[in-house]
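A note on names: the letters A, B, ... follow the listed sequences, proteins ahead of strands, and every chain is numbered from 1. Side chains are part of it too, since the values below use all heavy atoms of this structure and drop only hydrogens, waters and symmetry mates. Only a predicted model underlies this, so the values are computations on that prediction, with no experimental measurement involved.
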2 protein chains.
Amino acid sequence: MKQANICPRFEKAISLLSQRWTALIINQMLSGPHRFCALQSSIGISGKVLSERLKDLEQKEIIKRKVIPETPVIIEYSLTEKGYSLEPVLKEIENWSQAWLDIERAENIK
Amino acid sequence: MKQANICPRFEKAISLLSQRWTALIINQMLSGPHRFCALQSSIGISGKVLSERLKDLEQKEIIKRKVIPETPVIIEYSLTEKGYSLEPVLKEIENWSQAWLDIERAENIK
DNA sequence: TAAAGTTAGTTACTTTATGTAACTAACTTT
DNA sequence: AAAGTTAGTTACATAAAGTAACTAACTTTA
């Protein structure tokens with residue numbers, strides 16, 4: 001039933017950003033390189049899915065994985081140029097969220 | 001394990017746009033109102049998931065559902081102001097996709 | 001007028017994606 | 001030696017999507 005007449009590049013971009021966690025991972029990395037467990041705890045993702053996403057994003061050349069042979073070894077994930085170039089997208093999402101969404105409080109009021 | 005210190009509005013926006021099909025549905029509607037089966041065939045989504053998404057987007061006030069009592073009845077889905085305000089986000093994704101993605105051809109070459 | 005088609009969905013069932021939690025291996029700190 | 005940290009992996013459970021057939025109300029065609 002796939003018959004989309006939609007631009008394939010656009011569809012690819014959408015399918016990338018529609019993967020759960022992907023946009024949040026990229027967003028965290030906009031502020032600099034991150035380690036595996038830092039991402040894990042800052043966005044609340046499981047190790048399993050995080051490792052899947054990082055492999056996928058690396059393969060898509062959006063992030064790069066660097067092994068720093070300190071003793072204990074440090075694995076550092078950071079954005080490539082292609083990855084950084086998603087910043088305007090994330091910023092627009094943030095702008096929209098500030099303008100149009102508000103935090104529900106109802107559930108907290110007894 | 002949810003401990004995110006991320007802005008809750010931003011997270012909400014991300015979780016909206018990370019739902020499969022949602023961004024494509026909104027994108028189609030940027031060009032005007034659409035009927036159920038027009039969306040179905042233009043983006044290649046199943047009736048089941050489309051009806052779920054439309055209900056969800058309506059409840060979030062991003063789209064509105066209008067019953068036009070022509071004979072045969074027409075159900076017209078269109079963006080609200082909140083929905084239209086996502087246009088810059090979609091445009092940025094499109095810009096990025098044009099600048100950074102290309103169509104794989106390898107699989108077509110024998 | 002019966003048969004076939006369209007629209008806007010829904011239902012039942014299957015496959016895929018995520019979540020949860022425990023585990024590993026190599027190293028460090030107590 | 002025991003416990004903790006880092007960067008994952010594995011096995012199992014639940015949730016989300018895909019597939020395809022079905023419904024109900026109406027219309028068009030033979």
Practice problem: Kindly determine whether A:Leu39 and A:Leu24 satisfy side-chain contact (heavy atoms from CB on, under 4.5 Å), including the steps that lead there. | Solution: CA-CA 9 Å; A:Leu39 287 168; A:Leu24 284 178; over 6 Å; no
Quiz item: Choosing from D:dA7, C:dA8, C:dG19, which nucleotide comes nearest the side chain of B:Arg35?
Solution: C:dA8
Self-check item: Gap between atoms CG and P, on A:Leu50 and D:dT9 respectively (whole Å)
Solution: 10 Å
Quiz item: Is A:Ser51 near enough to D:dA7 that one of its side-chain N or O atoms lies under 4.0 angstrom from OP1 or OP2?
Solution: no
Quiz item: Out of A:Ile25, A:Leu86, A:Ile26, A:Leu57, which one pairs with A:Leu79 under the side-chain contact (heavy atoms from CB on, under 4.5 Å) rule?
Solution: A:Ile26
Practice problem: Verify the neighbour count for atom CD of B:Gln98: are there more than 12 heavy atoms of other residues, nucleotides or ligands below 6.0 Å? | Solution: yes
Quiz prompt | Residue met sooner reading DNA chain C from 5', once A:Arg53 and A:Pro72 are mapped to nucleotides | solution = A:Arg53
Self-check item: Interatomic distance where CG belongs to A:Asp56 and P belongs to C:dT18 [whole Å]
Solution: 10 Å
Quiz item: Any side-chain donor paired with an acceptor under 3.5 Å for A:Ser42 and A:Gln28?
Solution: yes
Quiz prompt | Whole angstrom value for the distance that separates P of D:dA7 from NE2 of A:His34 | solution = 12 Å
Practice problem: State which of C:dA8, D:dG8, C:dG19 makes the closest approach to the side chain of B:Ile75. | Solution: C:dA8
Self-check item: Options D:dT6, D:dA17, C:dT18, nucleotide nearest the side-chain atoms of A:Gln19
Solution: C:dT18
Quiz item: Is there a path from A:Phe36 to A:Ile68 through hydrophobic residues (I, L, V, M, F, W, Y) whose side chains come within less than 4.5 Å of each other?
Solution: no
Exercise. If D:dT23 has a Watson-Crick or G-U wobble mate with both distances under 3.5 Å, name it; if not, just say none.
Key: C:dA8
Quiz item: How close or far is atom P of D:dA7 from atom CZ of A:Phe36, stated in whole angstroms?
Solution: 8 Å
Quiz item: Using purine N1 to pyrimidine N3 plus N6-O4 or O6-N4 for Watson-Crick, or N1-O2 and O6-N3 for G-U wobble, both under 3.5 Å, which nucleotide pairs with C:dT29?
Solution: D:dA2
Practice problem: Choose from C:dT20, C:dG9, D:dA7 the nucleotide whose nearest atom is closest to any side-chain atom of A:Ser46. | Solution: C:dT20
Exercise. For A:Lys55 and for A:Arg20, find the nucleotide of DNA chain D with the closest heavy atom, then tell me which residue's nucleotide is more 5'.
Key: A:Lys55
Quiz prompt | Any B:Tyr77 side-chain N or O less than 4.0 Å from OP1/OP2 of C:dG9 | solution = yes
Practice problem: Measure from CD on A:Glu52 to P on D:dT10 and round the result to the nearest Å. | Solution: 11 Å
Self-check item: OP1 or OP2 of D:dG18 under 4.0 Å from side-chain N/O of B:Trp21
Solution: yes
Quiz item: What is the distance, rounded to the nearest whole Å, between atom CD1 of B:Ile74 and atom P of D:dT27?
Solution: 12 Å
Exercise. May I have the step-by-step check of side-chain contact (heavy atoms from CB on, under 4.5 Å) for A:Val67 and A:Glu76, ending in yes or no?
Key: CA-CA 6 Å; A:Val67 180; A:Glu76 192 186 81; over 6 Å; no
Quiz item: Ignoring hydrogens and angles, are the base of D:dG8 and the side chain of A:Lys48 linked by a donor-acceptor pair under 3.5 Å?
Solution: no
Practice problem: Please report, rounded to the nearest Å, how far the C1' atom of D:dT9 is from the CG atom of A:Leu54. | Solution: 14 Å
Quiz item: CD1 of A:Ile68 versus C1' of C:dC27: gap in Å, rounded?
Solution: 17 Å
Quiz prompt | A:Cys37, nearest nucleotide to its side chain (from C:dA8, D:dG18, D:dT6) | solution = D:dT6
